[in-house]
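Below you'll find the structure, written out as structure tokens, and then a few comments.
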Amino acid sequence: PASVASLFDGSFDGGYSLPASSTNVISISFPSGIVYPQGGIYISFYDNYNSYSGISARVSKSGVWSSLGTPTDVSVGSRYKVIKFAVGQIGTGVTDIELTINTDGINGVTITSINYLQDRANEFDPPYVSKYRNSNSVFGTLNVKTNTNVDNVSLSGTGNSYLAASTGK
């Protein structure tokens with residue numbers, strides 16, 4: 001079986017299995033703290049192994065724990081569930097995140113990844129394009145390439161932009 005470290009390796013092919021009838025706590029520590037923790041914690045589940053009976057998240061700041069409330073289902077399909085715990089403006093210095101997942105008496109649960117994405121809205125946009133943000137800013141040029149490494153779409157902040165002549169359909 002995979003170890004809990006597999007939740008952070010970027011691979012969605014396997015997963016970390018939680019047995020039926022269990023309470024599972026996953027603790028994540030940031031010794032230096034997260035200065036501006038606003039964003040989201042995303043938990044991805046493998047295939048249809050997502051029948052948990054309860055799930056919660058909390059964060060610690062200066063030793064004081066705060067619940068992150070009810071998660072939002074941000075899945076784009078019916079089989080591979082992804083949920084988001086919103087991390088609001090809770091101040092600086094979050095040092096720990098704790099996730100608790102309870103499984104029912106019949107079904108196990110398989111988690112494929114846990115991701116924390118910071119999306120603090122200010123003049124310093126995060127260095128990635130996120131499907132979860134209401135808007136994204138890209139400085140310079142963004143190219144989408146074909147599988148043969150040819151630019152198919154080019155969006156430029158300073159010059160000409162173009163879209164592919166054909167959608168491939």
Side-chain angles (χ1 to χ4, degrees), residues 2-16 26-48 50 55 57-62 66-99 110-169:
S3 73
V4 74
S6 68
L7 299 174
F8 306 97
D9 67 4
S11 172
F12 292 87
D13 292 331
Y16 184 68
I26 299 171
S27 299
I28 305 165
S29 295
F30 303 94
S32 299
I34 302 171
V35 178
Y36 298 109
Q38 186 174 344
I41 299 168
Y42 296 84
I43 303 171
S44 301
F45 297 88
Y46 184 76
D47 198 22
N48 58 0
N50 56 40
I55 190 164
R58 63 186 191 150
V59 295
S60 175
K61 178 183 153 195
S62 303
S66 301
S67 171
L68 294 181
T70 303
T72 303
D73 186 339
V74 295
S75 308
V76 294
S78 60
R79 288 183 55 196
Y80 295 91
K81 186 173 191 175
V82 180
I83 61 167
K84 173 189 177 183
F85 284 99
V87 180
Q89 297 177 348
I90 56 176
T92 62
V94 167
T95 56
D96 298 280
I97 298 171
E98 185 179 272
L99 304 169
T110 301
I111 304 170
T112 56
S113 71
I114 298 173
N115 292 287
Y116 165 69
L117 298 176
Q118 186 176 13
D119 66 1
R120 181 173 175 235
N122 64 15
E123 68 274 15
F124 302 109
D125 280 332
Y128 56 84
V129 174
S130 171
K131 67 181 180 180
Y132 302 112
R133 288 181 56 105
N134 290 333
S135 68
N136 289 279
S137 295
V138 177
F139 300 96
T141 301
L142 174 67
N143 294 315
V144 178
K145 296 183 179 281
T146 66
N147 60 356
T148 58
N149 203 32
V150 174
D151 287 345
N152 206 25
V153 175
S154 181
L155 303 175
S156 174
T158 58
N160 294 329
S161 297
Y162 62 88
L163 301 176
S166 168
T167 61
K169 291 185 179 180

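Position 1 is the first residue of the sequence; numbering continues from there. The model shown is predicted, which means the values in this text are computed figures rather than measured ones.
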Worked check of side chain to side chain contact (heavy atoms under 4.5 Å, CB included) between V87 and V94: CA-CA 10 Å; V87 180; V94 167; 5.7 Å; no

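- Among T112, T110, N50, the single residue meeting the side-chain contact (heavy atoms from CB on, under 4.5 Å) criterion with F45 is N50.
- Taking all atoms of both residues into account, the shortest heavy-atom contact from S156 to S161 is N-OG, 2.8 Å.
- Within the model, atoms CG of D96 and CZ of F30 stand 8.5 Å from one another, a figure rounded to the nearest 0.5 Å.
- The CD1 atom of I43 sits 4.5 Å away from the CD1 atom of I83 when rounded to the nearest 0.5 Å.
- Remark: Y116 OH to Y42 OH distance equals 10.5 Å, nearest 0.5 Å.
- Residues passing the side chain to side chain contact (heavy atoms under 4.5 Å, CB included) test with V153 are V144, L155, L163, sequence neighbours excluded.
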Carefully, step by step, assess I114 and I97 under the rule side chain to side chain contact (heavy atoms under 4.5 Å, CB included). CA-CA 11 Å; I114 298 173; I97 298 171; over 6 Å; no

Show me the donor-acceptor pairs within less than 3.5 Å that the side chains of residues 69-77 make with the rest of the protein, sequence neighbours left out.
| unit_1 | atom_1 | unit_2 | atom_2 | d |
| --- | --- | --- | --- | --- |
| D73 | OD1 | S75 | N | 2.9 |
| D73 | OD1 | S75 | OG | 2.6 |
| S75 | OG | V82 | N | 2.8 |
| S75 | OG | V82 | O | 3.4 |

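- Every side chain to side chain contact (heavy atoms under 4.5 Å, CB included) that Y80 has, sequence neighbours left out, goes to D47.
- Taking 4.5 Å as the limit, every side-chain heavy atom of I41 sits out of range of all side-chain heavy atoms of I28.
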